[in-house]
Amino acid sequence: MDQWENILLLFLTCSVGPVSAAPVVKYPSGPSQMVRTELYFGAIPRSQWDGFLKQVITPLFPEGLTWFDVQGQWRAPDGVTRKLPSRMLIVLYADNRRNDQAIEQVRREFKNQFHHLAVLRVSMKVQAADDDWRPNRGLKRSAQYK
């Protein structure tokens with residue numbers, strides 16, 4: 001290689017910026033450290049579920065939640081594996097004692113009210129962002145939700 005080829009090669013090498021394989025995720029308002037909890041309930045009649053959701057869960061987690069009708073199976077205390085309709089509830093919330101106690105209250109009240117043996121809880125810390133969520137926001141009902 002002559003001197004000009006070396007200079008050209010050096011120029012090209014220096015002019016290419018760093019390359020990253022992973023895309024950078026940008027949150028409009030920044031991510032928040034939160035807890036995601038999934039609760040797995042044995043299915044009860046829909047009218048009873050709607051009442052429990054309205055009277056117990058929603059007052060404890062008014063910011064929002066998600067639930068699904070699902071199918072599951074579990075090994076009962078008698079050792080028999082049973083398939084059964086279930087419901088899964090997902091709640092994202094700030095990591096604090098009040099919210100942890102509220103989750104435990106939901107579990108306890110469901111078991112007591114509907115005589116179920118267990119409500120499975122799975123919790124993990126997550127980073128979450130939502131353009132509409134911010135602490136202490138003024139609550140205004142959108143025309144979409146009236």
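Values in this document were obtained by computation on a predicted structure and should not be read as measured data.
Taking each heavy atom of Gly72 and Ser86 in turn, the nearest pair found is N-OG, 4.0 Å. Across all non-hydrogen atoms, the minimal contact from Leu39 to Thr37 is CD2-CG2, 3.9 Å. Shortest non-hydrogen contact noted between His116 and Ala43 is CE1-O, 4.2 Å. The two residues Gly42 and Phe110 make their nearest non-hydrogen contact at O-CZ, 3.4 Å.
The CD atom of Gln71 sits 13.5 Å away from the CE atom of Met88 when rounded to the nearest 0.5 Å. Within the model, atoms OG1 of Thr81 and CG of Asp78 stand 9.0 Å from one another, a figure rounded to the nearest 0.5 Å. With values rounded to the nearest 0.5 angstrom, Leu60 atom CG is found 12.0 Å from Gln55 atom CD.
Counting heavy atoms from C-beta on, the side chains of Met124 and Val126 come closer than 4.5 Å. Looking at Gln33 and Lys125, their side chains come closer than 4.5 Å, going by heavy atoms from C-beta outward. Annotation: side chain of Leu89 is in contact with side chain of Leu65 (closest heavy-atom distance under 4.5 Å). Within the 4.5 Å cutoff, side-chain heavy atoms of Arg107 are placed close to those of Arg121. Annotation: side chain of Trp67 is in contact with side chain of Leu53 (closest heavy-atom distance under 4.5 Å). Between Ile90 and Arg36, the closest side-chain pair of non-hydrogen atoms falls below 4.5 Å. Counting heavy atoms from C-beta on, the side chains of Arg82 and Arg75 never come closer than 4.5 Å. Arg87 is listed as a side-chain neighbour of Ile44, based on a closest heavy-atom distance under 4.5 Å.
Remark: side-chain polar atoms of Asn99 are paired, donor with acceptor, to backbone N or O of Ala94 under 3.5 angstrom.
Between Asp50 and Lys54, none of the side-chain N atoms (NZ, or NE/NH1/NH2) sits under 4.0 Å from a carboxylate O, so this pair counts as no salt bridge.
Scored by the side chain to side chain contact (heavy atoms under 4.5 Å, CB included) test, Glu109 finds Phe52, Val56, Gln105 as partners (sequence neighbours excluded).
Apart from Leu84 itself, the hydrophobic cluster it occupies contains Trp74, Leu117, where clustering links Ile, Leu, Val, Met, Phe, Trp and Tyr at side-chain heavy-atom distances under 4.5 Å.
When each of Phe41, Phe68, Phe114 is tested with Trp49 by the rule ring-ring contact (aromatic ring centres under 6.0 Å, His included), just one qualifies, namely Phe41.
Under a hydrophobic-cluster definition in which Ile, Leu, Val, Met, Phe, Trp and Tyr are linked whenever side-chain heavy atoms come within less than 4.5 Å, directly or via other members, Met34 and Val106 are assigned to different clusters.
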